[in-house]
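What follows is one structure encoded as C-alpha cells, with my remarks underneath.
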Amino acid sequence: MKTNFIPVDYDYFDFKDKNYIQLIGRNEKGNRVCVVDTYQPNFWVILKKGFEKDAKKVAEKIDKIEVNKLSRTTKVLKTKIVEKKFLEKDVTAIQVFVTNHKDTHDVASAIGDMKEIEARREYDIPIITKYIKENKVEPLNWYEVEGELIDIDEFGGIAGALDVEHCIKAQTIKPTKGKEFIPRVLAYDIETDGRDFGKGSLLAVSLYGENFKKVLTWKKCTGDPDYVEFFKTEEEVIEKFVEYIHQYDTDILTGYFSDGFDLPYLKAATLKNKTDFPLGLDRKGPTFTRGRIPSGKITGIVHIDLYRFISAVFAQYLQSETLSLREVAKELVGEEKEEFDWTKLENMKNQDWKALFSYNLQDSKVTYKLAQKIWPDILEFTKIIKEPMFDVTRSRMASHVDNYILHNLDNFNEIAEKRPMNNEIGKRRDMGKYEGAFVFTPTPGLYENIVFFDFTSMYASVMITYNLSKATFIEGDKFEKKEGFFPKMIQDIIEKRKKHKKELAKNPSGMLKARSNAYKLLANAAYGYQGFFGARYYCREAAAATARLAKENILSTIEKIKKEGYKIIYSDTDSIAFLQEKKTDKQVLTFLEKINKELPGIMELDLEDFYKRGIFVFNRGGTSGAKKKYALLDRKDKMKIRGFETVRRDWCDLARRLQSEILTKILKEGNGESSLKLLKKTIIDLKGRKIDLEDLMIKTQLKKPIKEYQSKGPHVIAAEKMLAAGEKIDSGMMIYYFIGESSTKGKRVGDKVFLPGEKAEYNINYYLDKQILPAVENIFEVFDLNVKEILDGESQKKLF
DNA sequence: GACTCGTTAGTACC
DNA sequence: ACGGGTACTAACGAGTC
C-alpha cells in the first residue's frame, strides 16, 4: 500500500536482534499512522595515510569479528570501502555494518588499535540521529511511504498494541509535498497539596485545548462551572485524564515545568495507587530518560515541557526576570495567571475550591496559549536541526549546533567526529580561559549626539572570514586557506537568515519570523560552541582566534573612526560609540560605507542607532569610568539602559525605580537638578516608613544546593529560614526576602533577613545606605554633586 | 569589637 | 555538563590590631 506520511514521533525497537525504527505521525487525512522502517546499524573505520592499499585486507579481518555477549552475539554483517573525508582530509574508510546498533561500541572496541587504523567513528551517535542522518526521514516533513500493512502478530504484535489507523512496514520512503502540519495541542496542569512525589494528594487536573476545557477532581463542592468533573477517587481522576488525552487525539501534550513536576507526580501517584498509567499510544506509561533533568517520554504523543524549551533556547532573549509561567506568559502572550491563596488549603470552603479549579484551568489555558505562540519556533527548530521534536524541545544550544553539523555532514562527504570522553572533557576544562573581547573604558559624563556602530554577527563573520574551525586548524594561530565545512555551514546559516529576514519584511508571518530567528540563534551559538568542552568539533584555538581577530578588527576600526576626527566614547566587543559633533547623518553614513569597503571578508559594520544623549558613570570606587553601565536616549525619546541597578533583578524595586526615573529625567532634561528633589522625597518617604514592603523585597536566585555554600549571603540565610519553616528548597529557586530591624546580635546583613509575610519593620539604614544611595550616587557624581554631603548638609541645617 | 581585604557569589553585557 | 569571556559589586569571613 501507499500513503502520504508526516513523522512526528520517533522510537526504535529490537525484533529478533535487529533494529527497527518506529515512526508515528499522520497521513494526509489527518489520521494517525505508524511506519516501521529498517535500519542498518553501522560505523566507520578510518585508515591511516599510506595504508589505503591495505583496505581490503583490514576489511576482511573486520568481517570476521564476532562479539559474544550474555544476551546475544553480534556479528559484522558486511563491510564497504569508501573514499570519504574526515576533518577535511581525504581518507579511505571502511563502513562496518553490524547486526545491532547497541553493539557498534563493542565491535569498534573489538577492532581495537590496528596499525593501519587511524580512528573509529560514529559508533557514539544515537540510533535515531543516525537513522535520520542516513535515511533522510526528517521530522515534520511529508513523505510518500510504500510498504505492506503489518499483520496483527508481526513484530511481537505492535500493530495490535498501537492505537493507530494502521501500521506499515516501509519499503520505500520518498520526500513529497503536503499541507502544513497543524498539531493537536493539549495543555495540562495539576494542583497538589505538596511537592513530594508519591505523597500527598492530587487536588485537580486541568486540560485545555481547541474547544476543550476540563478540570478533573475528586474534591467535592457544589454549584460548579460546567468544565469541572467530579470523581470518587484520585485513581479515577487520572484514568479520566488519560481517556481525555486519547479522545482529543493529541499530538502534543504540553505543560510548564511538567518534566520536573506534573508528569513525574502523576506517575508516582499511579505507582502509589497501584494503577496503570496508559498514556502512550502503546497503552504504556511515560518513561523518564535519565539525565540531569528527567525527561518524560510518551509513545506516539510528544510531551513538551515548554519551560525547558524556553529556558534552553529563548531565555537570554526574554525580558522576564524569572522563567515563571506567570512572567513568561505575560511577556509572550499577554495572558495572566490567576491568583490563589494557598494558605487556605488547610480549610477549604466551597468558594475556595471553585477558585482553585478556576486557577487550575487558567494555568492550562495560559500554557496552551504559550504553546500556540511558540509553535512556529518549535516547528522551525525541529525542521532545521532535523532531530525529533521531543529532543529539540529539550536540548541546549550546544547540542543543537552539534546536531545541525551531524545532519549536514553528508553535503561534505564527512565522517562525524566523536563526542569527547570524560577524560577529554576534563582536559579541555582544565585549559582555563583564553583572552576575550575588548571593552573601552568610558570617561564618565553626559554626552550629546552619540552614534553607535556595531558589527553584524561579528564572531560568526570572523569565523567565516578567517576560516576558523577544528578541521582547518594547522598549529599555533594558523588556519588553512581552503574553506572548511564548519565555517561554510555558518555562512550558509547566515545567508539563510538574511534571505528569510528579507522575505519576512515583505511578507510578515510567524513561520518566517521563527525561521529567521532560529538561524540567528544558531549563528550566535556557533562561536561559543567551538569553545565549549562538550562539543564534537571543539577547537579552543579556533575560539581563541575568533576572539583575537574580532578584537583586532574592532581596534583598527576604532582607529579609523578616530582618524576621521570623531571622539570615541565607548566600545564593547562588537560595538563602537562616538560623538557626532557637527557632522550630518549623511556624512556619518558615507563614512560607514567607506569603512565597510575596507573590512576583510564578509565582515560588516552597521549603524546601530543615533542617540540624542547618553550618560556614563564612575565605578563604585570612583577610580575610573564603569564599563557595561550606561543609559541612552534615542531620537524617539526611548530609553536604553544597560548594566545599571535598574536592570538588575537582585536590587529592590524602590532603588530600581528611583534610579530609572532619575536616569530618564537627566537624559530628557540634560541636568541633575530636578532629580535631586525626587531623591529627597524618596528618602523622606523611606524614613517615614511610608514605603510598601513589596517595593523593598529583594530577590536572588539560589544557584546551588544550600549545603554547598562556603559563604552564606543573605539569600542563603533566607533559604535556610524557609527550609526551617518546612518549605522545600531546590537549587535554582528564586529567594525573596527583605532586610528588617532586628534585635538579634550579629553584624551580617544576613542576620537581619526576613521572609515575605514575616512580621518586621524594614531597616531604614540598610535601604538608605545599601540600596537607594548606591543606586544614585554615581549618577549625581557626573554633575559634581555629592549626594551624601548634600543630605548631611541639609540634616545639619535642620538640626541647628 | 572595629577594621581591612581577599574571596565568594550573583548578575549583567555582548 | 549540556556556548564563550569581561565586568561590576555586595556580602562574607578570616585575619589584624
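Here is the naming used below: chain letters follow the sequence lines, and residue numbers restart at 1 for every chain.
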> Heavy atoms under 4.0 Å, any strand shown: does Tyr766(A) hit a base, just sugar-phosphate, or nothing?
Replying inline: sugar-phosphate

>> Mind checking if Gly534(A) touches a base, just sugar-phosphate, or nothing, with heavy atoms under 4.0 Å?
In response: nothing

> Counting any heavy atom closer than 4.0 Å, what does Tyr434(A) reach on the DNA or RNA strands: base, sugar-phosphate only, or nothing?
Replying inline: sugar-phosphate

> When you list every nucleotide of DNA chain B with an atom under 4.0 Å from a heavy atom of chain A, which one comes first 5' to 3', and which comes last?
Replying inline: dT8(B) to dC14(B)

>> Just to be sure I understand the rule, does Gly528(A) reach a base, reach only the sugar-phosphate, or reach nothing, if contact means heavy atoms closer than 4.0 Å?
In response: base

>> Treating Arg536(A) as the side-chain partner and Glu417(A) as the backbone partner, does any N or O pair qualify as donor plus acceptor under 3.5 Å?
In response: yes

> Tyr630(A) near the nucleic acid: base, sugar-phosphate alone, or nothing, with a heavy-atom cut-off under 4.0 Å?
Replying inline: sugar-phosphate

>> With a 4.0 Å cut-off on N to O distance, would you call Arg657(A) and Glu694(A) a salt bridge?
In response: no

> Where do Arg419(A) and Asp124(A) come nearest, in terms of heavy atoms and distance?
Replying inline: N-OD2, 2.7 Å

>> Tell me if the centroids of the rings in Phe533(A) and Tyr538(A) come within less than 6.0 Å of each other.
In response: no

>> What I want to check is whether the side chains of Tyr630(A) and Asp572(A) have a donor and an acceptor closer together than 3.5 Å.
In response: no

>> Any base atoms under 4.0 Å from Ala525(A), or only sugar-phosphate, or nothing? Heavy atoms, all strands.
In response: base

> Considering heavy-atom distances to DNA chain C, does Val439(A) or Asn524(A) have its closest nucleotide positioned more toward the 5' end?
Replying inline: Asn524(A)

> Closest nucleotide of DNA chain C for Lys712(A) versus for Met397(A): which of these residues is on the 5' side?
Replying inline: Met397(A)

>> Please evaluate residues Tyr307(A) and Tyr256(A) with respect to the criterion ring-ring contact (aromatic ring centres under 6.0 Å, His included), reporting the C-alpha separation (whole Å), side-chain torsions for both, the decisive distance (0.1 Å), and the verdict.
In response: CA-CA 5 Å; Tyr307(A) 165 80; Tyr256(A) 200 83; 5.8 Å; yes

>> Are Tyr611(A) and Phe452(A) an aromatic pair, judged by ring center distance below 6.0 Å?
In response: yes

>> With a 3.5 Å distance limit and no angle check, can you tell me whether Thr465(A) reaches the backbone of Ile602(A) through a side-chain donor-acceptor pair?
In response: yes

>> Students often get this wrong, so: under 4.0 angstrom with heavy atoms, is Gln530(A) touching a base, only sugar-phosphate, or nothing?
In response: nothing

> Can Lys721(A) be said to sit on top of Phe754(A)'s aromatic six-ring, NZ or CZ under 6.0 Å from centre and within 45° of the ring axis?
Replying inline: yes

> Base, sugar-phosphate, or nothing: which does Ala398(A) touch, judged by heavy atoms less than 4.0 Å apart?
Replying inline: sugar-phosphate

>> Under 4.0 Å, counting only non-hydrogen atoms across every strand here, what does Lys433(A) touch: a base, just sugar-phosphate, or nothing?
In response: base

>> Under 4.0 Å from a heavy atom of chain A: give me the 5'-most and 3'-most nucleotides of DNA chain C that qualify.
In response: dA1(C) to dG13(C)

>> Base, sugar-phosphate or nothing for Arg620(A)? Non-hydrogen atoms, less than 4.0 Å.
In response: sugar-phosphate

> Which part of the nucleic acid, if any, lies within reach of Tyr709(A) when heavy atoms closer than 4.0 Å are counted: base, sugar-phosphate only, or nothing?
Replying inline: sugar-phosphate

>> Mind checking if Gln316(A) touches a base, just sugar-phosphate, or nothing, with heavy atoms under 4.0 Å?
In response: base

